[in-house]
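Scroll down for the structure; my scribbles are underneath it.
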Amino acid sequence: MNTVAGYNFAYLDEQTKRMIRRALLKAVAIPGYQVPFGSREMPLPYGWGTGGIQVTASILGRSDVLKVIDQGSDDTTNAVNIRRFFAQTAGVATTDSTGEASIIQTRHRIPEKPLGEHQIMVYQVPLPEPLGRLEPREAVTRKLHALADYGLMHVKLYEDIARYGHIASTYDYPVLVNGRYLMAPSPIPKFDNPKLHMNPALQLFGAGREKRVYAIPPYTRVESLDFEDHPFSVQRWDEPCALCGTADSFLDEVVLDDAGGRMFVCSDSDYCKTRQGAGHTGSQSPIPAEAT
Amino acid sequence: MNAPHIPLLPGFADPVDDAQRIFRAVLAALSRPGMLQAISGLPPAPAPLCAASGAVLLALADYETPVWLQSPSPEACAWLRFHCGAPLVDAPAEAVFAVISQPLALPPLAAFAQGLPEYPDRSATLIVHSAGFGDQGLRLTGPGIQDECRLGIDGLAPDFWRSWQSQQGHAPLGVDLLFVNGDSLLGLPRSTRVDVEGKGE
C-alpha cells in the first residue's frame with residue numbers, strides 16, 4: 001500500500017512520540033500504574049482506539065510487522081481501519097497471522113496462540129481506572145492506589161456474591177499486577193485474564209480519552225481478584241467451535257435465523273482459520289466441493 | 001574562557017528512525033532487566049557523555065525534561081541545548097534525566113526525584129556509565145525476569161547496592177537506572193530486586 005505524503009512517520013510528530021515514550025518507560029518501571037500523558041487529537045474519534053494508536057505510533061519502527069484485531073477478528077471495521085492507517089502513514093508490513101506479528105494492537109481480546117518474547121501487545125483501553133465506577137473522584141482513586149487500599153473493589157466483588165451467588169464481572173475483570181497495583185485489563189473477557197499472568201510478551205495499554213498509559217512487563221505476576229471460597233474461574237462453553245471444533249478458545253455466539261438457530265465460533269479469526277487450514281472441522285464446516 | 005566558539009558534534013543522522021531504534025532498545029532494557037541490549041551506529045557525543053548515553057538523551061530528552069550532568073562540560077551542555085533543547089539543571093533533584101559519568105562518586109539515590117505517592121512516575125531516570133558487565137555477582141528477580149538473572153556490573157561504589165535495596169523500601173517510589181557501556185545497554189527499573197552474592201571462589 002502506498003504511504004501518504006505530508007505526514008511524519010507513523011503520523012505523530014517527534015515531540016509527541018518522545019513524550020509518550022517517556023510515559024511508557026515509567027509505565028514499564030511501575031507495573032500496573034497509570035501514567036498520565038498528553039493525549040493528542042487523532043484522525044478518528046475517542047472510543048475507536050486513539051490510546052492504542054498513539055502507543056503503537058510511538059513504538060513502531062520500519063521493520064515491525066503489525067497485526068490489529070478487534071474482538072479477536074482481523075476483518076472488522078476498527079481493525080481494518082487501524083491497520084490501513086499505519087500501512088499508509090508508516091509503510092509498515094501488516095499481517096493477520098499472530099505468529100508473524102511483532103506488534104499486535106488489540107481491542108478487547110488476547111490471541112489464542114501463545115505470544116513470544118519478541119512480541120508487544122498494545123491494548124485499546126476505554127476506562128483505565130478500575131475503581132472509577134466505585135469512586136468517581138480521581139483525587140481519591142489516586143490516593144487509594146498510593147495506599148494500595150483496594151477494599152472498595154473487594155466489597156464490590158463480595159456484594160456480587162451476596163446478590164448473585166457468584167462474581168458477576170465477565171469482562172474487564174480487575175487484576176492485581178506484581179502484587180501492588182489494581183489494574184483494569186481493558187474489556188477483555190475474563191477468559192483472557194490468565195494469559196496476562198507471566199506472559200513472555202510486553203503488554204502496553206493506552207487510553208486516549210482518559211489520557212493514561214500503563215504496562216505489564218514480560219513475566220510479571222498478574223492475579224485476578226477472588227476469594228478463597230469463590231476462586232476465579234473462566235467461561236466455558238457446552239459445545240466446541242462450529243467451524244474448527246476447538247474446545248479451548250473463546251467463542252462468539254452467532255444467530256443464524258429467526259427460529260432459534262445459532263452457532264458458536266472462535267472469536268480469534270486467525271486461530272480458527274489456521275485450525276481449519278490444518279484440517280480441523282466442526283459441526284457447521286462447509287462441505288468440501290467434490291472434485292470435478 | 002578564550003574560545004567563544006565551541007564546535008558542535010552532529011546528532012542523529014536520521015532523527016526519526018534513530019530515535020525509534022534507541023527508544024525500543026531502552027524499552028526492551030527496562031522491560032527485561034538484566035538482559036543486555038545492543039545499540040549500534042551511534043553518533044559520537046562530547047565528553048563527559050559517551051555515545052550511548054548521548055544517544056539515549058537524543059532519543060528521549062527535550063524541552064520538557066531537565067537534564068543533570070554529574071560533571072558538566074561546555075561542549076556537552078552546548079550539544080544538549082542545541083540537539084535536545086533540554087534545560088540543564090544544577091540540582092540533581094530537579095532532573096528528569098541524570099547522566100552519571102563517574103559512578104564511583106554517584107550521589108545518594110535519594111538525592112534524585114523519587115516521584116510522589118500519587119504520582120510515582122515523576123521520578124528521575126539515571127543513565128550510568130558502567131565500567132563493564134560481567135556474568136556473576138548479582139542476582140536479579142522481579143517483573144521482566146522469568147526466574148532469576150545473574151550478572152555483574154563493574155565500576156560501582158561498594159555501598160551502591162545497599163542504597164538500591166533501601167530504595168526498595170519506598171516502592172513504588174524510586175529512580176530507574178540505565179547502565180551503558182560501549183554499545184551495550186542494561187536496564188534496572190525500580191521494580192527489580194537485586195541480591196549481592198557472596199564472593200566465593
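This one's a predicted model, so the numbers in the text were calculated from it and none came from an experiment. These values consider heavy atoms only, across backbone and side chains, with no hydrogens, waters or symmetry-generated copies. Convention: sequence-line order gives letters A, B, ...; per-chain numbering from 1.
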Side chain, backbone, both or neither of [X] within contact of chain A (heavy atoms, under 4.5 Å):
X: Tyr63(B); result: side chain
X: Thr125(B); result: both
X: Leu60(B); result: both
X: Pro33(B); result: neither
X: Ala59(B); result: backbone

Which pair of non-hydrogen atoms, one from [X] and one from [Y], has the smallest distance, and what is that distance?
X: Thr220(A); Y: Pro143(B); value: OG1-CB, 3.4 Å
X: Val26(B); Y: Leu25(A); value: CG1-CD1, 3.7 Å
X: Leu202(A); Y: Ser31(B); value: CD1-CB, 3.8 Å

Using a cut-off of under 4.5 Å for heavy-atom pairs, which of [options] has the most such pairs with chain B?
options: Ala139(A), Ala23(A), Ala29(A), Pro31(A); answer: Ala29(A)
options: Ala148(A), Ser63(A), Pro217(A), Ala10(A); answer: Pro217(A)
options: Arg62(A), Arg180(A), Met19(A), Lys17(A); answer: Arg62(A)
options: Lys143(A), Gln34(A), His145(A); answer: Lys143(A)

Quick one: are [X] and [Y] in side-chain contact, heavy atoms under 4.5 Å?
X: Tyr181(A); Y: Pro172(B); answer: yes
X: Pro36(A); Y: Asp121(B); answer: yes
X: Glu64(B); Y: Gln15(A); answer: yes
X: Asp147(B); Y: Tyr219(A); answer: no
X: Val16(B); Y: Asn8(A); answer: yes
X: Gln20(B); Y: Glu14(A); answer: no
X: Arg142(A); Y: Tyr119(B); answer: yes

Option that, when pairs with chain A are counted at under 4.5 Å, heavy atom only, ranks first among [options]:
options: Gly142(B), Pro117(B), Gly187(B); value: Pro117(B)
options: Gly144(B), Ala171(B), Ser123(B), Ala29(B); value: Gly144(B)
options: Gly115(B), Gly174(B), Ala61(B); value: Ala61(B)

query: Salt bridge or not for Asp62(B) and Arg22(A), using N-O below 4.0 Å?
result: yes
**Prompt:** So, are Arg24(B) and Asp64(A) salt-bridged, with charged N and O less than 4.0 Å apart?
**Reply:** yes
Interatomic distance, CD1@Ile30(A) vs OG@Ser191(B), rounded to 0.5 Å, equals 9.0 Å
Review point. Within a reach of under 6.0 Å around CG of Asp14(B), are more than 12 heavy atoms found that belong to other residues, nucleotides or ligands?
Key: yes
Listed by number, the residues in residues 112-131 of chain A that come under 4.5 Å of chain B (heavy atom to heavy atom) are Glu117(A), Ile120(A)
